[in-house]
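Reviewing the structure listed below.
These numbers were taken from a predicted model, which means no experiment stands behind them. By convention in this document, chain letters (A, B, ...) are assigned in the order of the sequence lines, proteins followed by strands, and residues within each chain are numbered from 1.
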2 protein chains.
Amino acid sequence: MTSTLENSPTNSAYNALLAGCPTREVLNALSDKWVGLVVVSLADGALRYSEIARTVEGVSQKMLSQTLRSLERNGMITRTVTPSTPIRVDYELTALGAELLPILQAVKTFSEANIENIRDARVLYDLAN
Amino acid sequence: MTSTLENSPTNSAYNALLAGCPTREVLNALSDKWVGLVVVSLADGALRYSEIARTVEGVSQKMLSQTLRSLERNGMITRTVTPSTPIRVDYELTALGAELLPILQAVKTFSEANIENIRDARVLYDLAN
DNA sequence: CAGCATCCGTGCTGATACTG
DNA sequence: CAGTATCAGCACGGATGCTG
C-alpha cells in the first residue's frame, strides 16, 4: 500500500518547507515585486526593453533592469542585443521561463478574478477588529 | 472569428499590468515572504498555530502571526479559537484560499523541480558576467 | 499555548542624474 | 535606446521580552 502524504505531493529531493532548502532562494526570487508582471508581459513573445517598460506600468528603470537581470541569471529569460543605432535589446522567455509563465499568469488571473471578494473580506475583517 | 489577445486572457475588468489597478495590492500580498509556505502548510486541512510554526521551518512568531493575520483579513483562511486550557487556535483555508492553494503549490513544485536547472543557469551567468 | 510590543539592522525601492 | 550609479527613506524581517 502506498502511503498518502498529501503535503508531500512531489517526488523531488527538495522541500521548501524545510529551513535549509535551497529552493527557498527560488521562492524568494519569484516573490520579487515585479517578477510576476514582467514574466507575464513576455507571454506573447520577445519584447524590447522599452516595450516591457510600457507594458508593466509604473516600473522604474532601476527595478526593471534589476528584475530582468535576475530573471536572466536564473535562466528564465534570454537577453539579445542588436548593435544597431539606436541599440536594440530583446528579452524572451526560455523554455524554463515558459514553464513558469502559466503559473504566474494563474496568480495574476486569481488576483483579478477575486479582487472584489478580497475587498469584501477586508471590510468585514476591519469592522470586526 | 474571435480575436486572440493572448496577453489579455481574462475577461475581468481588472488588469494588473495597469498602474492604478487594485489587484496589485493582492499581488503584493501574495508575494509576501511566508505566504506561499503558510498556505501550502494548510493543504491537508486545519492546523494549529504551533503546528504551522513547526511545518514552516524557520518562520518567526512575528512573521507567522503577521502572515496569518494578513491571510485572514484577505479572506484566505479562517481563525477558530477554542477557549480551552491551554487555549487552542486553528487555521483553515476558506473556499477562496482553497482556490489559491494549487497555484501556490505549483510555484513551490516548480521551484523544487527546477532548482538544479536554476543553479546551473546561475553558474553560467556568473562565469560570463 | 498563542500571541503582541518593541527595538533595530539591513535591504529593498524609488527618484534623480549620468553614460555608451 | 538601454541602461548604470548613487543616494535617501522606510518597510521588512528577526531577536528579544512580556502577557492572557
- Of all heavy-atom pairs linking A:Gly75 and A:Leu96, the shortest is O-CB, 3.7 Å
- Message: Is there a side-chain contact between B:Gln66 and B:Trp34 in this structure, where contact means two heavy atoms from C-beta onward sitting under 4.5 Å apart?
- Response: no
- May I have the distance from B:Asp32 (atom CG) to C:dC12 (atom P), rounded to whole angstrom? 15 Å
- Query: Can you tell me if the side-chain N/O atoms of A:Ser50 get under 4.0 Å from OP1 or OP2 in D:dA2?
  - Reply: yes
- Round to a whole Å and report the spacing from CG of B:Asn129 to P of D:dT4. 10 Å
- Starting at atom CD1 of B:Ile87, determine the distance to atom P of C:dA2, rounded to an integer number of angstrom. 8 Å
- Item | Cluster overlap A:Val81 with A:Leu42, hydrophobic side-chain contacts below 4.5 Å | yes
- Are side-chain heavy atoms of A:Leu64 and A:Ile52 found at a separation under 4.5 Å? yes
- Think A:Tyr49 has a side-chain N or O under 4.0 angstrom from the OP1 or OP2 of D:dT4? no
- Message: Are there over 12 heavy-atom neighbours, none belonging to B:Glu51, within less than 6.0 Å of that residue's CD?
- Response: yes
- Task: Starting from the first five and the last five pairs of the helix from C:dC1-D:dG20 to C:dG20-D:dC1, work out the angle between the resulting helix axes, to 10 degrees.
- Result: 50°
- Message: Counting only side-chain nitrogens and oxygens, does B:Arg79 get under 4.0 Å of the OP1 or OP2 atom of C:dA2?
- Response: no
- Between A:Leu47 (CG) and D:dA2 (C1'), how many Å, whole number? 14 Å
- Message: So if I take residues 61-75 of chain A and measure heavy-atom distances to DNA chain D, which residues fall below 4.0 Å?
- Response: A:Lys62, A:Ser65, A:Arg69
- Task: Look at B:Arg48 and C:dC1 and indicate whether a side-chain polar atom (N or O) is within less than 4.0 Å of OP1 or OP2.
- Result: no
- Side chain proximity check, B:Asn74 to A:Arg122, heavy atoms < 4.5 angstrom: yes
- Message: Tell me whether A:Leu127 shares a hydrophobic cluster with B:Leu71, the cluster being built from Ile, Leu, Val, Met, Phe, Trp, Tyr side chains joined at under 4.5 Å.
- Response: no
- Measure from the side-chain heavy atoms of A:Lys33 and tell me the nearest of D:dA2, C:dT13, D:dG13. C:dT13
- A:Tyr91, nearest nucleotide to its side chain (from D:dG3, D:dG14, C:dA2): D:dG3
- Item | Whole-Å distance separating the CD atom of B:Glu51 from the C1' atom of C:dC1 | 12 Å
- Note on the structure: Paired with B:Leu104, the side chain to side chain contact (heavy atoms under 4.5 Å, CB included) test is passed by just one of B:Val39, B:Val38, B:Leu37, namely B:Val39
- Item | Side-chain donor-acceptor contact under 3.5 Å, A:Glu72 with A:Tyr91 | no
